[in-house]
Amino acid sequence: MDSNDIVTVQSRFLYSHDGGQRFMIKGIAFPDPPPLKDLTFNYNATAWIAILQQLRDAVPNKDALNTVRIYRMDPTLDYSEFFEAAEEMGFYILVPLTGSTGGGVLDRTLPAPECYNRTLYAYGVDAINNYAQYPNVLSGVIGNEVMNDLDSWYAAPCVKAYGHDLQRYMHSDEFQSNLSRRYKHNRRTIDGTSVVPIPLMYATQHSGIGAALTETDAIRLTVDYFGCQGDGDNGTDHGQQSLDIFGINVESWCSSFDTFEFDEQGGVGAYYQLYQALHNAIDMPLFFSEMGCSRLMFNKDNHVNVGSVAGTRDWRQVPVVLHEMNATWSGFSAYAYSGNPQFYMMGDEKGGASRWDGASPLSITQDFENFQSQLLQEAEGQVVTTRLEKRGQASGGKFHDLPMAAGGIMDRYYEKLTNSPESSPMCSAVLDVLDETNNLKLLEMSEMPSYFQQNHVVASLGHHLLGISLLGVCAAMAVLSCTLMGQFRGWHMYETIP
């Protein structure tokens, strides 16, 4: 990979090859390594690379499988061996910019502004300084399902403030200076000079907000919250969004009878609902940051088996996302290599899910082979668009109306957006809906701290005080110089007087 292969965001899509080629994420969730006995992070470069090699051997076409999403990393460690191996094999990496312990925690149980602190900002800066040297870093995730229930929505301003601060840091001279000083041969650059910032992403769950907002309406409001205008002044650049990419963790598509338009019961399909609600409405790339139904739920009610083990998924949604949805969507990350016992793709098929031991790759299951088959067929142009058709299910005709909630509040919101000349909604409109539907009164961004701004004020003040100090030193030196010169001249004159 070189600078032409760096993936960048241009409006609603991702591009590579110097902006000339649309990029679709075709990824899989990387397994979490087990923690060491003292709960410190366990990184084994050889073992991590072995997982990548197993995936590349299974899907040799680099265009068919091109991304892995990693959930746990330590920004103080050197990952150069892993990133370079991933680059050679054609893998881009989604990296985490928060942690589950220590300074990287964004605590969703705390309301704003307590959930965002200087330690988290420093953690994010360290992570960016570490990962921004690699051309195959696709995005940095600033939060994963932080607002996963009504109470945790009070932490939303912390996620947004964190994103704003990291954006401002990456667009500052300080960032360029830090990276050029630390890495003399940084290849994440344009013409070997300016370092390309890492696009920031938030991943939300596919669920409603309280009982008043449907899954689709909740996701639309979440996207709008991060991209809205008129936040007030907390030191942020109003022209810079807190996010570049929006991810949705979706567990729908739970039947071999599902299609893009309909679910097994004949209702509107979840993927279609999301597509309709977000199509041409969001000015940033969208993708399924976790995609895949729980194995406990897949084909649970229809007794269809697509493998020797019940719950094996068929992954027929892969071509749907890459084709029917590609006018809005930018791909997916299949969930997951291993870890969660309801979603595993690798492990002991007979004994159930296995957790990765951090050393050796797990065995391939039928679930992964079905995923592999869909990827390879798509890459070879053999897109399978047919689905199993359940008796009595309509295969065409007029779509059902999308489900709406909140007593017309969302109708008024969407109408206001339609009639607005602005490209993005006003933040006040988003906050009003959250308040009216769930009595959510979020902290205004003007009341959130900006640690980037504070650091620059301190640095500026330091330079100012240093300047004053230097002026004082210069003044003192000037006085001393004059005194010494006078003394010298006096002595010289004294000696020459007859």
Side-chain angles (χ1 to χ4, degrees), residues 9-14 147 153 156-157 159-160 163 201-202 204-232 236 238-248 250 252 260-262 267-288 320-321 324-330 397-442 444-445:
V9 175
Q10 296 182 30
S11 186
R12 296 187 293 118
F13 301 116
L14 301 171
M147 297 93 74
W153 255 91
V159 182
K160 192 169 184 176
M201 182 189 91
Y202 176 76
T204 190
Q205 71 284 351
H206 183 217
S207 64
I209 302 175
L213 294 170
T214 67
E215 294 94 335
T216 305
D217 288 337
I219 287 174
R220 176 61 192 270
L221 282 172
T222 305
V223 177
D224 287 350
Y225 176 75
F226 284 112
C228 63
Q229 302 181 53
D231 263 331
T236 61
H238 301 310
Q240 183 67 60
Q241 293 185 151
S242 58
L243 296 181
D244 301 293
I245 303 171
F246 193 81
I248 302 172
V250 62
S252 303
F260 177 37
E261 299 90 355
F262 297 100
V268 181
Y271 285 40
Y272 181 76
Q273 289 183 39
L274 288 170
Y275 182 80
Q276 288 292 92
L278 302 177
H279 180 57
N280 289 333
I282 309 301
D283 195 30
M284 71 175 77
L286 299 165
F287 91 109
F288 287 132
V320 168
V321 177
E324 280 98 325
M325 300 181 70
N326 73 357
T328 298
W329 246 251
S330 292
K398 185 178 180 180
F399 298 131
H400 297 282
D401 291 333
L402 297 182
M404 302 295 287
I409 294 174
M410 287 304 297
D411 287 331
R412 295 195 297 274
Y413 175 72
Y414 288 135
E415 183 179 359
K416 186 182 296 184
L417 293 183
T418 302
N419 297 327
S420 172
E422 303 293 341
S423 58
S424 300
M426 298 302 294
C427 293
S428 57
V430 180
L431 296 177
D432 285 347
V433 172
L434 292 172
D435 187 8
E436 288 182 63
T437 56
N438 285 285
N439 197 31
L440 270 173
K441 295 177 173 58
L442 299 186
E444 296 279 354
M445 293 305 296

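The structure displayed is predicted, hence computed values, not measured ones. Just so you know, these numbers use all the heavy atoms, side chains as well, and skip hydrogens, waters and symmetry mates.
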Quick one: pull up CG in Asn438 and CG in Leu213 and give me the separation to the nearest 0.5 Å.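 The CG atom of Asn438 sits 5.5 Å away from the CG atom of Leu213.
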Using the side-chain hydrogen bond (donor to acceptor under 3.5 Å, both in side chains) rule, take Tyr413 and Asp224 through it: C-alpha gap first, then chi angles, then the decisive distance, then the call. CA-CA 11 Å; Tyr413 175 72; Asp224 287 350; 2.5 Å; yes
Shortest non-hydrogen contact between Ala281 and Arg220, atoms and distance: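 Reported closest heavy-atom pair: CB-NH1, 3.5 Å.
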When rounded to the nearest 0.5 Å, the distance separating OG of Ser242 from CE of Met445 is 7.5 Å
Separation between OH (Tyr272) and CD (Glu324), nearest 0.5 Å, reads 12.0 Å
Heavy-atom pair with the smallest gap, counting every atom of Lys160 and Cys427: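 Minimum heavy-atom contact is NZ-SG, 3.8 Å.
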Work out which heavy atom in Ala327 is nearest to a heavy atom in Arg12; give both atom names and the distance. O-NH1, 3.3 Å
Nearest heavy-atom approach of Lys416 to Ala429 is CD-CB, 4.3 Å
Looking at side-chain heavy atoms only, is the closest gap between Phe13 and Met284 below 4.5 Å?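 No, side chains not in contact.
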Going by side chain to side chain contact (heavy atoms under 4.5 Å, CB included), Asp435 matches just one of Asn439, Leu431, Val433. Which one? Asn439
Going by atom types only, do Gln273 and Thr216 share a side-chain donor-acceptor pair under 3.5 Å? yes
Straight-line distance of Ser207 OG to Ile248 CD1, nearest 0.5 Å: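 So the OG of Ser207 and the CD1 of Ile248 are separated by 11.0 Å.
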Answer yes or no: is there a side-chain heavy-atom contact under 4.5 Å between Met426 and Cys228?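 No, too far: nothing below the 4.5 Å cut-off.
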Taking Glu436 first and then Arg412, would you say they form a salt bridge - that is, a charged N and a carboxylate O separated by under 4.0 Å?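 Arg412 and Glu436: salt-bridged.
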Side chains of Val268 and Phe262: closer than 4.5 Å at any heavy-atom pair?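 No. Closest side-chain heavy atoms not under 4.5 Å.
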With a 6.0 Å cut-off on the ring centroids, do Phe287 and Trp329 count as close?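 No, too far apart.
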If you define the side chain from C-beta out and look only at heavy atoms, does anything of Met201 sit under 4.5 Å from Leu243?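 Result no, sub-4.5 Å side-chain heavy-atom pair not found.
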Rounded to the nearest 0.5 angstrom, the CG-CG distance for Asp432 and Leu440 is 12.5 Å
Quick one: closest heavy-atom pair of Ser11 and Pro285, and the distance?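 Here Ser11 and Pro285 meet closest at O-CD, 3.4 Å.
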Quick one: do Met147 and Thr204 satisfy side chain to side chain contact (heavy atoms under 4.5 Å, CB included)? Show the steps, please. CA-CA 8 Å; Met147 297 93 74; Thr204 190; 6.0 Å; no
Just so I know, are the side chains of Leu434 and Lys441 near enough to count as touching, which here means a heavy-atom distance under 4.5 Å? no
Classify the ring geometry between Trp153 and Tyr225 as parallel (under 30°), tilted (30 to 60°) or perpendicular (over 60°).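 Aromatic pair Trp153/Tyr225 classed perpendicular.
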Between Asn419 and Glu415, is there a donor-acceptor pair closer than 3.5 Å when you use the side chain of the first and the backbone of the second? yes
Any side-chain heavy atom of Val250 sitting closer than 4.5 Å to one from Gln205?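 A side-chain contact is absent here, since even the closest heavy-atom pair is not under 4.5 Å.
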Does any N or O in the side chain of Asp217 come within less than 3.5 Å of the main-chain N or O of Gly208, such that one atom is a donor and the other an acceptor?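 No, because the side chain of Asp217 does not come within donor-acceptor range (under 3.5 Å) of the backbone of Gly208.
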What are the two closest non-hydrogen atoms of Leu278 and Thr328, and how far apart are they?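 Taking every non-hydrogen atom into account, O-CG2, 3.9 Å.
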Does any non-hydrogen side-chain atom of Val321 lie less than 4.5 Å from one of Phe288?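 Yes, their side chains come closer than 4.5 Å.
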Before we go on, tell me: are the rings of Tyr271 and Phe260 under 6.0 Å apart, centre to centre?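 Not under 6.0 Å, so no.
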